[in-house]
Amino acid sequence: MTAAKRSVDLDFEDNTLVPLLYGEHDTHLTRIEHLLGVTLASRGNRITVSGSNEATKRAELVLSALWDRLERGQSVGPPEIDAAIRFSADQANENQDASAMSRRMNAPSAGIRTKRKAIQPRTPTQADYIDALGASELVFGLGPAGTGKTYLAVAQAVAFLASGQVDRIILTRPAVEAGERLGFLPGDLKEKIDPYLRPLYDALYDMLPAEQVVRHLETGVIEVAPLAFMRGRTLANSAIILDEAQNTTQTQMKMFLTRMGENGRMVITGDPSQVDLPRGVTSGLLEAVQVLRNIPQVRFVRFSDQDVVRHPMVTRVVQAYDAYERGLQGELALKR
């Protein structure tokens, strides 16, 4: 049965912004056509959208949200187009209008502002995550690589520091096993461990001027340390982020969760499908999700492959691995 077709005309009044919406040589319109399967015919300030009912509705939402960005003085490029398309799927399913989608995607209150940039959500799940980071003392960000779990958590921690809501930031993740493997690496303990913490440093330098990062690291306002260094501490007035939490043991996770002090904020990120612990060792992250799931004040935000905001190939890789692993599980079930 052929899907119902429809056509709609959209008019945009500001002549100075129309070229920014269309893109150089209409590249933005071409991208929307390709990703949504619609036809966009532009003539002056008018765009005629043609396609299936659902695709046309989504294209309307996308173009309206992008236009709203331009009217707010925000940029529009391929990442913003891709973000609008992700939001359009969510909004179309909920039958919300363009203004509701635009507020969720573009409003200053929907994002995080740091000294170097203003960060807006690129997917509906990221919008939920940003809301949780701002409102809750303990947040779990769960899902595959490339979804912004750690990046957004660091951004929110930097924003808290700038506003005076916390006095310091502590970033941690489990390193390799202490022992032979770490011992084989060259250098002192810091030099051995730093490569495992590099993604956290990278996020910091993206949020703050380099000289400020260095100064905060020297004074202890920002601390980047392996999880083992957290034992025995009580961390008050701090934003604390545990990254790669799927590779914590049960004991390590309980230890970490009990480090929170007065006026503390804690974010735990990890991918439950990528546990690298030895066979037979239960992930502390998986256990914590079960133990804490009924505590109302704890927020769990679950990302999927649809939230991957890196190169589109990353989404395809994640989907391929998920399909492969489901196939393996099916084969094992049949053998039983």
Side-chain angles (χ1 to χ4, degrees), residues 72 74 103-123 125-142 147-173 197 199-225 227 229-230 232-245 253 255-270 288 292 295-301 303:
R72 293 170 183 266
Q74 299 171 322
R103 285 194 301 272
R104 196 174 182 208
M105 175 182 163
N106 297 325
S109 59
I112 302 170
R113 183 171 293 278
T114 68
K115 284 200 171 182
R116 292 196 65 177
K117 60 171 62 178
I119 300 162
Q120 297 295 130
R122 296 286 177 86
T123 72
T125 309
Q126 282 194 356
D128 293 341
Y129 188 50
I130 290 172
D131 176 67
L133 293 172
S136 301
E137 294 178 339
L138 178 55
V139 179
F140 284 77
L142 310 170
T147 52
K149 304 183 302 295
T150 304
Y151 189 83
L152 292 173
V154 173
Q156 184 63 76
V158 169
F160 280 149
L161 182 66
S163 66
Q165 290 179 255
V166 299
D167 296 333
R168 57 180 173 163
I169 297 171
I170 297 171
L171 310 175
T172 185
R173 68 190 318 200
L197 305 173
L200 299 175
Y201 286 111
D202 290 343
L204 279 175
Y205 280 106
D206 215 21
M207 308 297 169
L208 291 169
E211 64 277 7
Q212 193 168 355
V213 174
V214 172
R215 184 167 66 252
H216 284 336
L217 289 169
E218 289 174 347
T219 59
V221 171
I222 297 177
E223 180 180 349
V224 184
L227 181 59
F229 285 24
M230 297 297 105
R233 304 175 65 182
T234 299
L235 305 172
N237 303 309
S238 301
I240 316 158
I241 299 170
L242 171 59
D243 190 32
E244 297 289 339
M253 178 59 76
M255 177 274 291
F256 178 77
L257 288 168
T258 55
R259 296 310 92 196
M260 184 187 288
E262 185 178 353
N263 192 38
R265 294 291 189 119
M266 188 172 280
V267 183
I268 296 167
T269 69
L292 305 177
I295 299 178
Q297 295 82 0
V298 180
R299 292 281 294 274
F300 295 91
V301 180
F303 295 83

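Note that this is a predicted model, so its numbers are computed, not measured. This chain uses plain numbering: 1 for the first residue, then up along the sequence.
- Between Val224 and Leu204 there is a side-chain heavy-atom pair separated by less than 4.5 Å.
- Side chains of Ile240 and Phe256 form a contact here, defined as non-hydrogen atoms less than 4.5 Å apart.
- Using cut-offs of 30° and 60° for the angle between ring planes, the Phe140 and Phe300 rings count as parallel.
- Not a single donor-acceptor pair under 3.5 Å links the side chain of Gln156 to the backbone N or O of Ile112.
- Across all non-hydrogen atoms, the minimal contact from Leu235 to Arg168 is CD2-NH2, 3.7 Å.
- Using a distance-only test at 3.5 Å, with no hydrogens or angles considered, no donor-acceptor pair links the side chain of Glu137 to the main chain of Met266.
- Thr172 and Ala225 get closest at one heavy-atom pair: OG1-O, 2.7 Å.
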task = Show the numbers, then the answer: is there a side-chain contact (heavy atoms from CB on, under 4.5 Å) between Met230 and Ile170?
result = CA-CA 10 Å; Met230 297 297 105; Ile170 297 171; 3.9 Å; yes

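- Using a 4.0 Å cut-off between charged nitrogen and carboxylate oxygen, Asp206 and Lys117 count as a salt-bridge pair.
- Of all non-hydrogen atoms in His216 and Leu208, the two that sit nearest each other are CD2-CD1, 4.3 Å.
- Minimum heavy-atom separation, Gly111 to Ile130: O-CG2, 4.1 Å.
- Under a 3.5 Å cut-off, the side chain of Ser163 and the backbone N or O of Phe160 do form a donor-acceptor pair.
- Residues Val158 and Met207 share a closest heavy-atom pair of CG2-CB, 4.0 Å.
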request  = Kindly determine whether Met253 and Ile268 satisfy side-chain contact (heavy atoms from CB on, under 4.5 Å), including the steps that lead there.
outcome  = CA-CA 10 Å; Met253 178 59 76; Ile268 296 167; 4.0 Å; yes

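- For the pair Gly141 and Lys149, the tightest heavy-atom approach, listed with the atom from each and the gap, is O-CD, 3.4 Å.
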Check against side-chain contact (heavy atoms from CB on, under 4.5 Å), Thr147 and Thr123 = CA-CA 9 Å; Thr147 52; Thr123 72; over 6 Å; no

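- In this structure, CD1 on Ile241 lies 5.0 Å from CG on Leu171, to the nearest 0.5 angstrom.
- One finds the CD1 atom of Ile222 at 4.5 Å from the CD1 atom of Ile169 (value rounded to the nearest 0.5 Å).
- To the nearest 0.5 angstrom, Tyr151 atom OH is 4.5 Å from Ile119 atom CD1.
- Taking CG of Leu200 as the reference point, atom OG1 of Thr150 lies at 6.5 Å (rounded to 0.5 Å).
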inquiry  = What verdict does the salt bridge (Lys or Arg N to Asp or Glu O under 4.0 Å) test give for Asp131 and Arg299, after you've listed the backbone C-alpha separation in whole Å, the side-chain angles of each residue and the deciding distance to 0.1 Å?
reply    = CA-CA 10 Å; Asp131 176 67; Arg299 292 281 294 274; 3.4 Å; yes

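- The shortest side-chain heavy-atom distance between Val267 and Leu152 does not fall under the 4.5 Å cut-off.
- Of the possible polar contacts, one joining the Arg116 side chain to the Tyr205 backbone as a donor-acceptor pair under 3.5 Å is found.
- Counting only distance, with no hydrogens or angles, the side chain of Arg265 and the backbone of Val139 share no donor-acceptor pair below 3.5 Å.
- Between the side chain of Ser238 and the backbone N or O of Ala236 there is at least one donor-acceptor pair closer than 3.5 Å.
- Using a distance-only test at 3.5 Å, with no hydrogens or angles considered, a donor-acceptor pair links the side chain of Asn263 to the main chain of Gln165.
- To the nearest 0.5 angstrom, Asn106 atom CG is 5.0 Å from Gln74 atom CD.
- The OG1 atom of Thr258 sits 13.0 Å away from atom CZ of Arg233, with the distance rounded to the nearest 0.5 Å.
- Atom CD of Glu262 has 12 or fewer neighbouring heavy atoms from other residues, nucleotides or ligands inside a 6.0 Å radius.
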request  = Mind running side-chain contact (heavy atoms from CB on, under 4.5 Å) on Thr269 and Phe303 for me, showing each step along the way?
outcome  = CA-CA 11 Å; Thr269 69; Phe303 295 83; over 6 Å; no

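- Counting only distance, with no hydrogens or angles, the side chain of Thr114 and the backbone of Ala159 share no donor-acceptor pair below 3.5 Å.
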